[in-house]
Amino acid sequence: MQFFDTHAHIGLIYDDPIEQLRVIQQAKVAGVARIVSINNSLHDFEKVYPNLKSISGIYHAVGVAPAEVVNPGKDWIRTIEESVKLPNVVAIGETGLDYFKQFGDKRSQIEMFITQLELAQKHNLPVVIHNRDAGKDIFDILSQRIPDSGAILHCYSEDAEYAKKCLDANLNVYFSFAGNLTYRNARNLHETVLNVPVERILIETESPFMIPAEFREKKRTMPKYLPSTAKFLAEMLEMDLEELSVQLWKNSCKIFKLPE
């Protein structure tokens, strides 16, 4: 049985390159064979990518998160375009909108988000989307500009009705669930997983955040904890865990255009 962590901030778990490699090794022992390394900024990508670029099973997304809208970096568009040509870069992101902390202004966030959607379309890559209190704008923008390669609504936080709206609009989106799926009070997430096709579901750790309930005493999430979320999901869907792991693996490989 093998699992695919579609979203882990390895550089936020540890700064130290040796510790990062240890995190990956521990994940592989736990059955997490593939991980997509996510960075919020291009500066972080340029720090983490060289350390992980040759590690088997590690893939990368490159982009600018809404938190970085005030200072995305000099020539950030060109930097993304150069970075997507690097080995094992499989997505643009994370990008998106965050109205909770009001980074910069809405117009600037939207412009940066749209630019990255256009880059994803240009380079035939899926896009990894961060959404916090911005569901309506994200839906409206994706309805017009979703790249042909699709989008991942990472650490899904909306409800089942929102997911249905995306599916009814024929948006090529995947719904990715993190450790908070395992919380008893996450009723919106529980209802969602029961009402979307299993072929559109992904799982992630969102390391070092969103610790699964089983490990709530820990300080940070690790990719090695991903099977805990998968087990919870299997119980919710009344599926055999091994059967579900095969389906989740197929889904992950499909959106990232990787061989199974």
Side-chain angles (χ1 to χ4, degrees), residues 1-8 31-36 59 61 90-94 96 117 120-121 124-131 134-136 138-183 186-206 210 212 226-260:
M1 196 159 25
Q2 58 187 0
F3 299 98
F4 195 136
D5 185 351
T6 61
H7 195 109
V32 182
R34 287 178 174 173
I35 301 170
V36 174
Y59 301 90
V90 295
I92 299 286
E94 66 181 273
L117 291 174
Q121 176 66 19
N124 195 30
L125 291 171
V127 63
V128 180
I129 296 178
H130 170 104
N131 167 23
K136 182 183 184 304
I138 285 176
F139 176 83
D140 290 345
I141 293 168
L142 288 181
S143 295
Q144 300 296 321
R145 299 176 179 272
I146 187 169
D148 292 341
S149 293
I152 297 170
L153 300 178
H154 115 81
C155 196
Y156 189 77
S157 60
E158 297 286 345
D159 57 16
E161 186 60 32
Y162 188 91
K164 182 177 184 299
K165 187 178 178 181
C166 291
L167 294 170
D168 287 347
N170 292 318
L171 297 183
N172 182 19
V173 295
Y174 286 72
F175 308 93
S176 184
F177 298 92
N180 56 333
L181 176 69
T182 67
Y183 302 168
R187 295 184 183 89
N188 62 320
L189 305 184
H190 301 162
E191 184 180 2
T192 301
V193 299
L194 295 173
N195 286 280
V196 299
V198 68
E199 293 82 9
R200 294 291 190 96
I201 293 177
L202 308 174
I203 57 173
E204 61 176 271
T205 56
E206 170 69 321
M210 299 297 176
L226 187 68
S228 179
T229 302
K231 181 180 178 181
F232 184 91
L233 179 60
E235 292 171 354
M236 284 204 66
L237 296 175
E238 298 181 345
M239 289 181 67
D240 175 75
L241 178 58
E242 185 162 0
E243 179 187 0
L244 178 62
S245 72
V246 170
Q247 183 63 61
L248 293 173
W249 184 268
K250 288 182 178 179
N251 298 348
S252 304
C253 294
K254 184 176 180 180
I255 186 63
F256 292 118
K257 300 179 183 176
L258 295 171
E260 294 182 19

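A donor-acceptor pair is defined here as one N or O able to donate and one able to accept, closer than 3.5 Å; no such pair exists between the side chain of Asp159 and the backbone of Asn188. Side chain of Tyr156 to main chain of Thr192: no donor-acceptor pair is present (N/O by atom type, distance under 3.5 Å, no hydrogens or angles). Listed for the Asn124 side chain is no donor-acceptor partner under 3.5 Å among the backbone atoms of Ser149. Formation of a donor-acceptor pair under 3.5 Å by the Tyr162 side chain with backbone atoms of Gly135 is found in this model. Of the possible donor and acceptor atoms, none in the side chain of Trp249 sits under 3.5 Å from a partner among the backbone N and O of Phe4. Not a single donor-acceptor pair under 3.5 Å links the side chain of Glu158 to the backbone N or O of Ala163.
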Let's go through Val90 and Lys257 carefully: what are the C-alpha distance in whole Å and the side-chain angles of both, what is the deciding distance for side-chain contact (heavy atoms from CB on, under 4.5 Å) to 0.1 Å, and is it a yes or a no? CA-CA 8 Å; Val90 295; Lys257 300 179 183 176; over 6 Å; no
From CA spacing to verdict: side-chain contact (heavy atoms from CB on, under 4.5 Å), Asn180, Glu206: CA-CA 10 Å; Asn180 56 333; Glu206 170 69 321; over 6 Å; no
Is there a side-chain contact (heavy atoms from CB on, under 4.5 Å) between Cys253 and Arg34 once you walk through the steps? CA-CA 10 Å; Cys253 294; Arg34 287 178 174 173; 3.1 Å; yes
Assess the residue pair Val198 and Leu244 against the criterion (side-chain contact (heavy atoms from CB on, under 4.5 Å)); give the C-alpha distance rounded to whole Å, side-chain angles, the decisive distance to 0.1 Å, and a yes or no. CA-CA 9 Å; Val198 68; Leu244 178 62; 3.9 Å; yes
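Remark: the Asp148 side chain and the Gln121 side chain contain an N/O donor-acceptor pair separated by less than 3.5 Å. For Asp140 and Gln144, the side-chain atoms include no donor-acceptor pair closer than 3.5 Å.
Residue Leu248 holds its CG atom at 10.5 Å from CD of Glu199, rounded to the nearest 0.5 Å. To the nearest 0.5 Å, the span separating CD on Glu242 from CD on Gln247 amounts to 13.5 Å. We find the CD1-CD1 distance between Ile152 and Ile129 to be 9.0 Å, quoted to the nearest 0.5 Å. In this structure, the separation between OG on Ser252 and CZ on Phe3 is 11.0 Å, given to the nearest 0.5 Å. For the atom pair CD1 (Ile92) and CG (Leu117), the distance works out to 9.5 Å, reported to the nearest 0.5 Å. In this structure, the separation between CZ on Phe232 and CG on Leu237 is 10.0 Å, given to the nearest 0.5 Å.
For CD of Glu260, the number of neighbouring non-hydrogen atoms (other residues, nucleotides, ligands) closer than 6.0 Å is greater than 12.
When each of Thr229, Leu226, Val36, Leu202 is checked for a side-chain contact (heavy atoms from CB on, under 4.5 Å) with Asp5, only Leu226 meets the rule.
His190 has its ring centre no less than 6.0 Å from the ring centre of Phe177.
Looking at heavy atoms from C-beta onward, Leu125 lies out of side-chain contact with Pro147 at the 4.5 angstrom threshold. Using a 4.5 Å heavy-atom threshold, the side chains of Asn172 and Pro126 count as separate. For the pair Phe139 and Asn131, the minimum side-chain heavy-atom distance is 4.5 Å or more.
Of all heavy-atom pairs between Pro197 and Leu167, the closest is CD-CD1, 3.6 Å. The two residues Met236 and Leu194 come nearest to each other via the heavy atoms O-CD2, 3.4 Å.
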